[in-house]
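Written out below as structure tokens is the structure these notes cover.
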2 protein chains.
Amino acid sequence: MDHKDAIAATMTALADPTRRDIIDRLRSGPLPVGAIAKTMPVSRPAVSQHLRVLSDAGLLSVTPSGNRRLYAIAPDGVDALRRYLDALWDDALAAFQRAAQEQAKGKPDD
Amino acid sequence: MDHKDAIAATMTALADPTRRDIIDRLRSGPLPVGAIAKTMPVSRPAVSQHLRVLSDAGLLSVTPSGNRRLYAIAPDGVDALRRYLDALWDDALAAFQRAAQEQAKGKPDD
DNA sequence: ACAAATGGTAAGCGATAACTTACGGTAAGT
DNA sequence: ACTTACCGTAAGTTATCGCTTACCATTTGT
């Protein structure tokens, strides 16, 4: 998977409110599918599908434990998106300051 | 707008590839609608609609300049999402280390 | 005053995505 | 061995979203 595509997949994964709910459930630690679905308004297969999307995006890791499958937040996946936003923030700030400078130079007597 | 909703809107706004393309066009500085649309494979109204979504999410600022409207990346909007991911990353790391500790304690003779 | 340029909005269409029910497959308990 | 629990996948439906064309408002230029 390309780096640009990875960002796209991660962003799309986090865009859905139900998936962000799932992420919130996993903030305190790994959980099996059933435990997640029990506290959510959607069916278990729906949760399973969401977990697939989140895993494909690299946001979750899966560790089969006997009968169950424990899902956990993958710090690396979150970090990738974090770095993208850091770069975007740097560019935005630089462009902002440049625009402010040009306006001060272009219109000195406002 | 609630803080949670703001994150949701920002995430949804950045989930679309065309909107991320627009953001990329604005990395070097503010641009009017027409200039953006000219370098993109979609029509100007489509760009206009995307700019609306991005603005509503707080990711862009608009400054009317005579006939045109200059769109620029809003550093504050990006920063809000950045902080959300930072918090998520912190929680993920803490949960990760806690899980590693519990496994080391629970299964000492693996 | 008229014409051209810039851009936001409405209506309609096609594709995608999230959900449900139904099913199959593997691991654990009795 | 059989039954129960846990979970992923398939098929089908519905709602949402992104796009286009058409239209209107405002501003600039002649």
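Order of the sequence lines fixes the chain letters, A, B, ..., with proteins taken first and strands second; residue numbering starts at 1 for each chain.
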**Prompt:** Taking only side-chain nitrogens and oxygens of Ser43(B), does any of them come within less than 4.0 Å of OP1 or OP2 of dT20(D)?
**Reply:** yes
**Item:** Atom CZ of Arg25(A): over 12 foreign heavy atoms under 6.0 Å
**Value:** yes
**Complete:** Between CG of Leu60(B) and P of dG8(C) the distance, given in whole Å, is 12 Å
**Request:** Classify the nucleic acid contact of Arg52(A) as base, sugar-phosphate or nothing, counting any heavy atom under 4.0 Å across all strands shown.
**Result:** sugar-phosphate
**Request:** Return the value, rounded to whole Å, for the distance between atom CD of Gln49(A) and atom P of dA22(C).
**Result:** 15 Å
**Prompt:** For the base of dG18(D), is there a side-chain donor-acceptor partner from Arg19(B) under 3.5 Å away?
**Reply:** no
**Asked** Between Arg69(B) and dG8(C), does any side-chain N or O lie under 4.0 Å from OP1 or OP2?
**Response** yes
**Message:** Is there a side-chain contact between Ser48(A) and the phosphate of dG8(D), meaning an N or O under 4.0 Å from OP1 or OP2?
**Reply:** yes
**Message:** Looking at Tyr71(A), I'd like to know whether one of its side-chain N or O atoms comes within less than 4.0 Å of OP1 or OP2 on dC6(D).
**Reply:** no
**Rounded distance (Å) that lies between atom P of dC19(D) and atom CZ of Arg44(B)** = 14 Å
**Asked** Rounded to the Å, how far apart are Met11(B) CE and dC17(D) C1'?
**Response** 19 Å
**Request:** Measure from the side-chain heavy atoms of Ala46(A) and tell me the nearest of dT20(C), dG18(D), dG8(C).
**Result:** dT20(C)
In a table with atom names and distances, give each donor-acceptor pair under 3.5 Å that connects a side chain of residues 73-84 of chain B to protein atoms at least two apart or in another chain.
unit_1   : atom_1 : unit_2   : atom_2 : d
Asp79(B) : OD1    : Arg82(B) : NE     : 3.2
Asp79(B) : OD1    : Arg82(B) : NH2    : 3.3
Asp79(B) : OD2    : Arg83(B) : NH1    : 2.5
Arg82(B) : NH1    : Asp86(A) : OD1    : 2.7

**Prompt:** In whole Å, what is the span from the CG atom of Leu14(A) to the P atom of dA18(C)?
**Reply:** 12 Å
**Request:** In whole angstrom, give the distance that lies between atom CZ of Arg68(B) and atom C1' of dG8(C).
**Result:** 16 Å
**Request:** Using heavy atoms to find the nearest nucleotide of DNA chain C for Asn67(B) and Ser65(A) separately, return the residue whose nucleotide is more 5′.
**Result:** Asn67(B)
**Request:** Could you state whether Met11(A) and Val53(A) fall into the same hydrophobic cluster, counting links through intermediate Ile, Leu, Val, Met, Phe, Trp or Tyr residues with side-chain heavy atoms under 4.5 angstrom apart?
**Result:** no
**Item:** Distance test, side-chain N/O of Thr18(B) to OP1/OP2 of dC19(D), below 4.0 Å
**Value:** yes
**Request:** With side chain to side chain contact (heavy atoms under 4.5 Å, CB included) as the test, would you mind laying out the steps for Arg68(B) and Val33(B) before giving the verdict?
**Result:** CA-CA 8 Å; Arg68(B) 308 174 308 175; Val33(B) 180; over 6 Å; no
**Request:** Report the distance from atom NE2 of His50(B) to atom P of dT9(C), rounded to the nearest whole Å.
**Result:** 15 Å
**Asked** So what does Pro32(B) touch, heavy atoms closer than 4.0 Å: a base, only the sugar-phosphate, or nothing?
**Response** sugar-phosphate
**Request:** Starting from C1' on dG8(C), measure out to CG on Leu51(B) and report it in whole angstrom.
**Result:** 11 Å
**Request:** Report the distance from atom CZ of Arg20(B) to atom CG of Leu54(B), rounding to the nearest 0.5 Å.
**Result:** 11.0 Å
**Residue mapping more 5' on DNA chain C - nearest nucleotide basis, Val33(B) or Gly66(A)** = Val33(B)
